Structures are given as C-alpha cells and as structure tokens.
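These notes concern the structure reproduced below.
Residue numbers run from 1 in the order of the sequence given. These numbers come from a predicted model, not from an experiment.
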Amino acid sequence: MVKLVFIIRRREDLGTEEFHKYWLEKHGPLVRSFAGAIRARKYVQSHTVRPDFNAMLAQARAMGEAYDGITEVWWESIEDMMAGLDTVEGRKANRALAEDEAKFIDHKRSFIFMTEEHTIFDL
C-alpha cells in the first residue's frame, strides 16, 4: 500500500481546540463520505497533544515550529489512487476536500507527500 501524509498546521485564527474539533467532527466524516470515490482504503488523523512536552522535544533537537497533527490516507497502489482521482466523482471529492481543508488548515505552513511504509518492527 501507499500512503499520503499531510503534516498540518492550523490556521492562526483558530484555537487549538476549535481546530481539532472541526478536523475530527466535520472534516473526518467528509473524507469518509468520499472514500469510495477516491478509492481510499484507510484514513487516520493524529492530533497533537501535550504542547509543552512537544516544545521541549523540539527545543532539545533544535527543531522548528510544531505541527498541529498528521493525516494519513492509504491506497492499494499509486495507480489505484490515480484511478480514483481521475474520475468525475474523484475530482469532485478532491475539490470538496481541498475547499473544506481551507476552513481550518494553513496550507502555506503545512506539508503533504506520498510514502511507502517499511515496517521495522510491530510488537
């Protein structure tokens, strides 16, 4: 399987709690509603917790500004993902998702990329 990873920063006009609530309760169900159209197999949101501890970790490693969370979306293959996004329904879903993301994500301060997992251990 392949995975799209979206490392997210919230819009600066939103508080952390408001951002996480919208992402979980509004955007999550919207993504689920389009899963078949885009041929997505799995969707996970990882919300940042413990900002104090995260700041300490980042400072210890001289890292930059913290992110507010990570979204991961899985497909069977790149070809399957492209096939899902290359339909009328897939393009409509992609537009709707991007429009909704703009309501809570600061795209200019976020990052998105495709990956392939290599499990090192799974205890």
Over all atoms of both residues, closest heavy-atom pair of Ala40 and Val73: CB-CG1, 3.7 Å

Pairs satisfying side-chain hydrogen bond (donor to acceptor under 3.5 Å, both in side chains), at least one member in residues 25-35, at least two apart: Lys21-Glu25, His27-Asp100

Transitive ILVMFWY side-chain link Tyr67 to Val44, under 4.5 Å: no

Plane angle bin for Tyr22 and Phe104 - parallel if under 30°, tilted between 30 and 60°, otherwise perpendicular: tilted

Separation of Leu14 CG from Phe19 CZ (nearest 0.5 Å): 8.0 Å

Audit row: Leu4, Trp75, side chain to side chain contact (heavy atoms under 4.5 Å, CB included) steps and yes/no: CA-CA 8 Å; Leu4 177 133; Trp75 284 269; 3.7 Å; yes

Note, Glu12 side chain near Arg109 side chain (heavy atom, < 4.5 Å): yes

Pairs under 3.5 angstrom only: tabulate donor-acceptor contacts from the side chains of residues 88-97 to other protein residues two or more places apart or in another chain.
{"residue": "Arg91", "atom": "NH1", "partner": "Asp86", "partner atom": "O", "Å": "3.4"}
{"residue": "Arg91", "atom": "NH1", "partner": "Asp86", "partner atom": "OD1", "Å": "3.3"}

Shortest non-hydrogen contact between Trp23 and Ser46, atoms and distance: CH2-O, 3.6 Å

Pairwise distance OH(Tyr43) to CZ(Phe34) - rounded to 0.5 angstrom: 12.5 Å

Ile105 side chain near Arg11 side chain, heavy-atom distance below 4.5 Å: no

hydrophobic_cluster_shared for Met114 and Val5, side chain cutoff 4.5 Å: no

Closest contact, heavy atoms only, His20 versus Asp68: CE1-O, 3.1 Å

Verdict with supporting geometry, Arg10 and Glu18, side chain to side chain contact (heavy atoms under 4.5 Å, CB included): CA-CA 10 Å; Arg10 63 184 165 80; Glu18 180 182 10; over 6 Å; no

Interatomic spacing from CZ in Arg41 to CG in Asp80 - rounded to 0.5 Å: 8.5 Å

Hphob cluster co-occupancy, Phe6 + Leu30, side-chain heavy atoms under 4.5 angstrom: yes

Non-hydrogen atoms of Ala83 and Arg39 that approach each other most closely: CB-NH1, 3.3 Å

Same cluster (ILVMFWY, side-chain, under 4.5 Å), Ile8 and Ile112: yes

Connected hydrophobic set around Leu123, excluding itself, where side chains approach under 4.5 Å: Ile120, Phe121

Under 3.5 Å: donor-acceptor pair, side chain of Ser110, backbone of Arg9: yes

Candidate pair Glu116 and Lys3, rule side chain to side chain contact (heavy atoms under 4.5 Å, CB included), full reasoning: CA-CA 6 Å; Glu116 180 178 41; Lys3 177 172 54 174; over 6 Å; no

Pair Glu117-Met1, side chain to side chain contact (heavy atoms under 4.5 Å, CB included): steps then yes or no: CA-CA 8 Å; Glu117 291 184 348; Met1 293 183 78; over 6 Å; no

